[in-house]
Amino acid sequence: MRSGSEISALEARPSPAASAIIALTGLALALTVTRWPLLQALVAVFTLLVVTLLFLRPEWSLVLFFSSGLIKEWLLLNVPLFARFDFTVAIFLLSATSLFFFLLRRGYLFEFKIHPSMLPLFLFTALLIFSITYTPSFKYGSAKAFSFLLFNWALFLFPILLVREEAAAKRIMVILGTLAISATVYTLFSLVKSLFSGSIIFSYRASFLGINPISFANWIGAISLLLITYLPSIGKRWHRRAVILALGVLLLALLAANSRGPMFSFIITLILLLALRARKIPGRKLMQWVALGLLFVVIALLVLPEQVTSRYTDVITQEEGTRNYTFFTVNTRLFAWNAALDMATARISSILMVVGSGGFSQVVYGQDVRLYPHNIFIEVFCELGIAGVVVLLWYLASILGDVLQTLRRKMTERMRSLFMAFCMAALFNFVNAQFSGDLNDNRRLWFFLGMVIALMQVIRSSSVEADHGSIR
């Protein structure tokens, strides 16, 4: 049972002064992007309402922060404000302010539990920042290090501070699913429109608002696994059918994104999930689900235009040109991995202290630009040496060990499914980090790891309350 103070804290509402500050801040932000014609005035009012909502609903602002990469490029090209002020910084500040008001209202401002993984993550960040002093790629290296310090840490800590109960994690999952299905329907509509208009460039890969299809597929894949894992715990039949329909749309978009890395990561994670659930699912039902999944893939490959699935099928095609292009895209990864490993192991001393944050681009390509090996461990090894790899493994192992202990605890099946859902999403991002992006491209991994830690704290607190209740 909750105490009276806890109940009153949960039912607290923003004070008039806080609401006034929120409204004025939202109005100020809206004024910066408008010049007050009629249409822009309506945009200003809408912006005010959205910003106010994000202030009052920290789960929404956190999800938007997590998904900021989806609209950042579009805003940069279409909203003059964001040509001067980075959207990721703006949504970070908004999310941080919203979280601060939440903690203040609920009385959680000075309640913070240190997780064992925070020490190795702190050491890893310190090593990353220190390496700026000797990296040959100072521009990219410093941007990479400080972006990790600000945004990766924020995405890791904000869920831990925000999620104090099971319902909060469910709300975040629902918001992610709602946002994903909305963006996916728009994306598929745009793809179909491009196909009928004869636009080859925009009909080659599904992409929301023209962003990198790999980033879009990564986002869609993680949310799809969230919903797939939690699906058995959805009680109402029409809710379950709605989620299955939504998953069909999401998976179609994931396939149409034409991105091999996220698709491979999705398949690997799904196989592991099925292996874990195989004991609880009757063999006949499991085979039905597998057959349904294979049927969906076959129908999708038959229905979707050839160019939308070409990156999956070019490997087995006999057309020389497409095979050469496919092998070229794969070989760029292999070249980067080999070059990074050769660079890191050239000398014994280089294994201990290599070229520093972002140094790979200068050593291999001779440019201080954003180029990287597309593998998180190889990236860390070639830039931060064996020390960086050890600290990163320490960080991941401390979370994995806690996850295994938590799974042995008693909890409701619904809570177990919710916890497993975020674990699977984190695993998907971890696998994908072995094929694509750098530390900051893969910052969504840090968000899901933060959600996993937050839920472990919720489970632990529930177990303690249950034990106290049984003693009484």
Review point. Is any side-chain heavy atom of Glu111 less than 4.5 Å from a side-chain heavy atom of Leu103?
Key: no

Review point. Can you check whether Ile214's main-chain N or O pairs, donor with acceptor, with Asn218's side chain at less than 3.5 Å?
Key: no

Exercise for review: May I ask you to decide whether Asp438 forms a salt bridge with Arg443, counting only side-chain N to carboxylate O separations under 4.0 Å?
Suggested key: no

Check your understanding: Does a side-chain heavy-atom distance below 4.5 Å link Thr178 with Val174?
Key -> yes

Review point. Nearest heavy-atom pair of Leu226 and Ala425: which atoms, and what distance?
Key: CG-CB, 4.1 Å

Review point. Got Thr332 and His374 here, is their nearest side-chain heavy-atom distance under 4.5 Å?
Key: no

Check your understanding: Is Glu383 paired with Lys144 through a side-chain N to carboxylate O contact shorter than 4.0 Å?
Key -> yes

**Study point:** is_close_aromatic(Phe156, Phe447), centroid dist under 6.0 Å
**Key:** no

Practice item. Could you check Ile160 against Phe112 for side-chain contact (heavy atoms from CB on, under 4.5 Å), going step by step and ending with a plain yes or no? Key: CA-CA 8 Å; Ile160 298 174; Phe112 181 69; 4.3 Å; yes

Review point. Does the Thr406 side chain pair with the main chain of Asp402, one donor and one acceptor, at a distance under 3.5 Å?
Key: yes

Review point. Arg171 side chain to Trp60 main-chain N or O, any donor-acceptor pair under 3.5 Å?
Key: no

Study note, to complete from the structure: In terms of heavy-atom contacts, Ser361 and Tyr140 come closest through OG-CD2, 4.0 Å

Review point. Tell me, do Arg460 and Arg409 make a side-chain contact under 4.5 Å, heavy atoms counted?
Key: yes

Practice item. Test Ser117 against Ile453 for side-chain contact (heavy atoms from CB on, under 4.5 Å), laying out the working first. Key: CA-CA 9 Å; Ser117 65; Ile453 291 175; 3.5 Å; yes

Exercise for review: Would you name the heavy atoms of Phe65 and Ala154 that are closest together and state the gap between them?
Suggested key: CE2-CB, 3.7 Å

Review point. Please, which pairs that meet side-chain hydrogen bond (donor to acceptor under 3.5 Å, both in side chains) have at least one residue in residues 221-230, sequence neighbours excluded?
Key: none

Practice item. First locate atom CD1 of Ile175, then atom OG of Ser67, and finally report the distance between them rounded to the nearest 0.5 Å. Key: 10.5 Å

Exercise for review: In sequence, state the C-alpha distance, the side-chain angles, and the governing distance for Val403 and Phe419, and then conclude on side-chain contact (heavy atoms from CB on, under 4.5 Å).
Suggested key: CA-CA 9 Å; Val403 167; Phe419 179 60; 4.1 Å; yes

Practice item. Taking Ser95 for its side chain and Phe92 for its backbone only, find out whether a donor-acceptor pair lies under 3.5 Å. Key: no

Check your understanding: Is any side-chain heavy atom of Phe448 closer than 4.5 Å to a side-chain heavy atom of Leu427?
Key -> no

Point to revise | Check: Asp368 side chain, Lys139 main-chain N or O, donor-acceptor pair, under 3.5 Å | key: yes

Point to revise | Under 3.5 Å: donor-acceptor pair, side chain of Arg333, backbone of Phe435 | key: yes

Check your understanding: How close do Ala217 and Phe428 get, heavy atom to heavy atom, and via which atoms?
Key -> O-CZ, 4.3 Å

Point to revise | Atom pair OG1/CZ of Thr125 and Phe148 - distance to nearest 0.5 Å | key: 4.5 Å

Review point. In Å, rounded to the nearest 0.5 Å, how long is the span from CG of Leu62 to CG of Leu94?
Key: 11.0 Å

Check your understanding: Is the CZ atom of Phe264 crowded by more than 12 outside heavy atoms at less than 6.0 Å?
Key -> no

Point to revise | Nearest non-hydrogen partners of Val452 and Ala426, listed with the distance | key: CG2-CB, 4.5 Å

Practice item. For the residue pair Glu59 and Val63, establish whether any side-chain heavy-atom pair is separated by less than 4.5 Å. Key: no

Check your understanding: Between the side chain of Thr135 and the main-chain N/O of Ile132, is any donor-acceptor distance below 3.5 Å?
Key -> no

Review point. Regarding Arg164 and the six-membered ring of Tyr108, is the cationic atom NZ or CZ under 6.0 Å from the ring centre and inside 45° of its axis?
Key: yes

Exercise for review: Kindly compute the distance separating CD1 (Ile181) from CG (Leu250), expressed to the nearest 0.5 Å.
Suggested key: 4.5 Å

Exercise for review: Determine, for Arg370 against Asp441, whether the closest basic-nitrogen to carboxylate-oxygen distance falls under 4.0 angstrom.
Suggested key: yes

**Study point:** Nearest heavy atoms of Ala253 and Phe216, plus distance in Å
**Key:** CB-CE2, 4.3 Å

Check your understanding: With distance as the sole test, does Ser357 use its side chain to make a donor-acceptor pair with the main-chain N or O of Ser142 at under 3.5 Å?
Key -> no

Exercise for review: Show the numbers, then the answer: is there a side-chain contact (heavy atoms from CB on, under 4.5 Å) between Leu123 and Trp394?
Suggested key: CA-CA 10 Å; Leu123 294 175; Trp394 177 14; 3.6 Å; yes

Check your understanding: Crowded around Tyr186 OH? As in, over 12 foreign heavy atoms under 6.0 Å?
Key -> no

Practice item. Spell out, as yes or no, whether a donor-acceptor pair under 3.5 Å connects the side chain of Ser398 to the backbone of Leu396. Key: no

Practice item. Drop me the distance from Asn440's CG to Ser147's OG, to the nearest 0.5 angstrom. Key: 3.5 Å

Exercise for review: Say whether, by atom type as modelled, one donor and one acceptor occur between the side chain of Glu379 and the main chain of Leu439 under 3.5 angstrom.
Suggested key: yes

Review point. Taking the six-membered ring for Trp, are Trp446 and Tyr395 parallel (under 30°), tilted (30 to 60°) or perpendicular (over 60°)?
Key: parallel

Revision key, fill the gap. To the nearest 0.5 Å, atom CD1 of Ile228 lies from atom CG of Leu231 at 8.0 Å

Practice item. Report yes if the side chains of Ile91 and Lys72 come closer than 4.5 Å at any heavy-atom pair, otherwise no. Key: no

Review point. Does some side-chain heavy atom of Met343 sit less than 4.5 Å from a side-chain heavy atom of Val355?
Key: yes

Review point. If you count the non-hydrogen atoms of other residues, nucleotides and ligands that lie under 6.0 Å from CZ in Arg416, is the total more than 12?
Key: yes

